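Comments concern the structure below.
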Amino acid sequence: MMLKKIMPVSILLAACYTTAMAADASLPESLYQTHCASCHGQERLGLTGPALLPDNLGKLKKEEAFKLIRNGRVATQMQGFAGKLDDAQIQSLADYVFTQPDKQPDWGEADIRASRITYPSQHPGQDTPVFKADPLNLFLVVEAGDHHVSVLDGDSFAVIHRFPSRFSLHGGPKYDSTGRFVYFTSRDGWISKFDLYRLETVAEVRAGINARNAAISSDGKYLMVGNYLPNNLVVLDAQDLSLVKIIDATDGLGKSSRISAVYDAQPRKSFIAALKDSPEVWEISYGDTASAGFPIRRIRLETVLDDFFFDQDYALLLGASRKGQAQVIDLNQGKVVAKPELSGMPHLSSGIIWKYRDTNVLATPDLKEGVINILDMSTWAIIKKIKTDGPGFFMRSHENTPYAWTDVFFGEHKDVMHVIDKQSLEIVKSLRPAPGKTSSHVEFTRDGSHALVSIWEMDGAIVVYDSKTLEEVKRIPMKKPVGKYNVYNKINRSSGTSH
Ligand code: HEC
């Protein structure tokens, strides 16, 4: 009897085991290891393909991921899997890449050090530009469409060089104070140092798994990288990108947090970093004390800040909370000194400053309302709300032009660029560089004589305008040129652009 009973059980067990095995091969984990890991990494941290972790995927939607895995992405190594996998399997993979791994992946000292690559130079000893253009009037154009960077001559508007970047650059390239070297940060935490005189990459290192942005110290010695994953700041030697220090992002109460952004505050000889999951801003000195280990000064706030802006001498930090409440923080006193009454969702990081009558004003677009807020920086009162055709994203000007430019990034008028007179505070012209297509992100040439506008599409362009007559001068085809950065205006911290 006993035996009779036992037998079927073991047969049953064996049967279960085989079905479990069969099911296993179709589990998304196994499908992933078989079909995807060779390019995206066993732990989804990325190899030749990008990292496939929920936070890294960011703007990619699940439906898009399904289509992408099924059909592939044109002109990339990402081939479609329609012939190899059925729709249910593809759906399970699309869900899988949006699922957090069981164990939070780590990226420590050894990983950072092992990832570093230095490239031999094609022009050893060359310390002047290998081209004729004015090296301070170059623009780097980040083309997100096919992950390339173009080097554009700001006088002739000719592309003098174009090179592939890491997947999905973030936060804008950062120039050192001479304008010769530039540092790029990628979504997946790669830092690339590029020599603009020799037009070649010098070194690369992976500083994290998911990075936000980086800042270079004004003395050119250190690069600080702000990460979402792991929760830390990574200090690199700007010379060769070797690791100097990892600073865990733990707030004053012991809670771990992501870093939302880090900036160089040149006049203070410090980095300013903001925590994303805790109401804290840090000032990290690199002055004489760097050898003493980058001491952190914590400024505790009432709310988490999502977006920032500094005044020209970095005494004040303007931040907006997730709900849109703006705050002015005096960095010396370490406390909130004003709460400007901005409704909507101000986009402070694209705010710009100009002289207006006997004061300075700050102009900022709003991500939710079709309005540009003009604030008097001595009283923090709103002196004007300029109505626009819809919510905007970027705003730009230059010391040598009477106009400020702003886009209408969201809504049906996304193809409009408004030109605002900085003294009358009125819109004087609305341009439509490419009807029906998103136009955005203006940047000026070194002397302010020309404004460059992006047509933010895969078959996009940069449209160059004479900044006085507002007439189009040239149109240069580009693959989704999300941003362009003029060397001179950036290294001189023009008040008309972000830093
Ligand atoms: C031969 C290498 C390779 C293989 C194999 C591969 N991929 Fe990719 N994949 C890439 C590359 C390269 C990209 C980036 C394409 C680009 O430049 O936009 C990419 C992009 C993606 C993206 C979009 C990421 C983003 O942020 O836009 C997803 C999702 C993705 N792959 C999923 C998969 C899945 C799931 C598999 C397995 C079924 C797979 N891939 C197999 C190389 C590969």
Side-chain angles (χ1 to χ4, degrees), residues 23-102 105 107 115 117 141-150 162-171 184-192 201 204 206-213 227-229 258 438 456-460 477-483:
D24 203 34
S26 67
L27 277 175
E29 290 86 334
S30 335
L31 289 173
Y32 178 86
Q33 292 303 331
T34 312
H35 300 282
C36 323
S38 59
C39 292
H40 293 285
Q42 278 184 9
E43 292 181 77
R44 297 194 269 152
L45 301 187
L47 282 172
T48 51
L52 298 180
L53 296 166
D55 295 336
N56 290 54
L57 293 169
K59 284 190 213 109
L60 188 79
K61 305 214 176 64
K62 255 193 203 170
E63 312 86 77
E64 290 167 1
F66 173 84
K67 276 194 213 138
L68 172 67
I69 300 167
R70 199 169 184 280
N71 309 329
R73 197 174 268 167
V74 187
T76 74
Q77 281 190 59
M78 181 61 203
Q79 305 285 309
F81 284 83
K84 289 192 187 135
L85 302 170
D86 62 35
D87 282 1
Q89 290 173 315
I90 291 171
Q91 187 58 55
S92 75
L93 279 166
D95 293 336
Y96 177 65
V97 300
F98 280 94
T99 310
Q100 292 289 357
D102 297 336
W107 195 258
S115 70
I117 310 162
V141 184
V142 173
E143 294 180 71
D146 63 351
H147 310 286
H148 273 68
V149 175
S150 283
R162 190 172 193 268
F163 58 98
S165 74
R166 288 277 168 179
F167 186 83
S168 195
L169 297 182
H170 258 208
F184 300 97
T185 307
S186 86
R187 180 193 84 181
D188 292 349
W190 280 98
I191 302 295
S192 310
T201 302
E204 291 189 294
R206 191 169 187 187
I209 298 170
N210 187 346
R212 292 307 292 169
N213 77 339
N227 283 323
Y228 262 15
L229 186 65
R258 293 171 291 172
T438 306
W456 195 290
E457 311 260 341
M458 190 57 179
D459 58 349
M478 296 270 172
K479 297 257 190 277
K480 198 172 186 197
V482 290

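Just so we're clear, the structure is a prediction, and the values are computed from it rather than from any experiment. Just follow the structure's listing: the first ligand is 1, and inside any ligand the first atom is 1.
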(request) Using a 4.0 Å heavy-atom threshold (strictly under), name the region of L57 that reaches ligand 1: side chain, backbone, both or neither. (result) side chain
(message) Can you confirm whether P50 sits close enough to N56 that some side-chain heavy atom of one is under 4.5 Å from a side-chain heavy atom of the other?
(response) no
(message) Can you name the atoms of ligand 1, numbered from 1 with element, that are less than 4.0 Å from a heavy atom of R187?
(response) 25 (C), 26 (O)
(request) Compare all side-chain heavy atoms of N227 with those of W107 and state whether any distance is below 4.5 angstrom. (result) no
(message) Give me the residue, atom name and distance of the protein heavy atom closest to atom 32 (C) of ligand 1.
(response) L52 CD1, 3.6 Å
(request) Do me a favour and list the nearest non-hydrogen protein atom to atom 23 (C) of ligand 1 with residue, atom name and distance? (result) L68 CD2, 3.1 Å
(request) Quick one: look up the protein heavy atom nearest atom 13 (C) of ligand 1 and list residue, atom name and how far away it is. (result) P50 CD, 3.4 Å
(request) Measure the shortest side-chain to side-chain distance between L52 and Y32 over non-hydrogen atoms and say whether it is less than 4.5 angstrom. (result) yes
(request) Determine the interplanar angle of the F163 and F184 rings, folded into 0 to 90°, and report it as parallel if under 30°, tilted if 30 to 60°, perpendicular if over 60°. (result) perpendicular
(request) Among all protein heavy atoms, pick the one closest to atom 33 (C) of ligand 1 and tell me residue, atom and distance. (result) M78 CE, 3.3 Å
(message) Taking atom CD as the centre, does Q33 end up with more than 12 heavy-atom neighbours from other residues, nucleotides or ligands that are less than 6.0 angstrom away?
(response) yes
(request) May I ask you to identify the nearest protein heavy atom to atom 5 (C) of ligand 1, giving residue, atom name and distance to one decimal place in Å? (result) H35 O, 3.3 Å
(message) Tell me whether R212 forms a cation-pi arrangement with Y228, defined as NZ or CZ under 6.0 Å from the six-membered ring centre and within 45 degrees of its axis.
(response) yes
(message) Taking the side chain as everything from C-beta on, heavy atoms only, tell me whether Q89 gets closer than 4.5 Å to F81.
(response) no
(message) Considering non-hydrogen atoms of the protein only, which is the closest contact for atom 7 (N) of ligand 1, and what is the distance?
(response) H40 NE2, 2.8 Å
(request) State the atoms of ligand 1, each with its element, that fall below the 4.0 Å cut-off from a heavy-atom position in R73. (result) 15 (C), 16 (C), 18 (O), 27 (O)
(request) Indicate yes or no: at least one non-hydrogen side-chain atom of P28 is less than 4.5 angstrom from one of D95. (result) no
(request) Among all protein heavy atoms, pick the one closest to atom 36 (C) of ligand 1 and tell me residue, atom and distance. (result) C36 SG, 2.7 Å
(message) Taking 4.0 angstrom as the limit and counting only heavy atoms of L93, give me the atoms of ligand 1 inside it, by number and element.
(response) 38 (C)
(request) May I ask you to list the atoms of ligand 1 that are less than 4.0 angstrom from any heavy atom of C39? (result) 1 (C), 2 (C), 3 (C), 4 (C), 5 (C), 42 (C), 43 (C)
(message) Please list, in number order, the atoms of ligand 1 under 4.0 Å from a heavy atom of H147.
(response) 17 (O), 18 (O)
(request) Just let me know how F167 lines up against ligand 1, side chain, backbone, both or neither, with a heavy-atom cut-off below 4.0 Å. (result) side chain
(message) Are more than 12 heavy atoms, taken from residues, nucleotides or ligands other than E457, located less than 6.0 Å from that residue's CD atom?
(response) yes
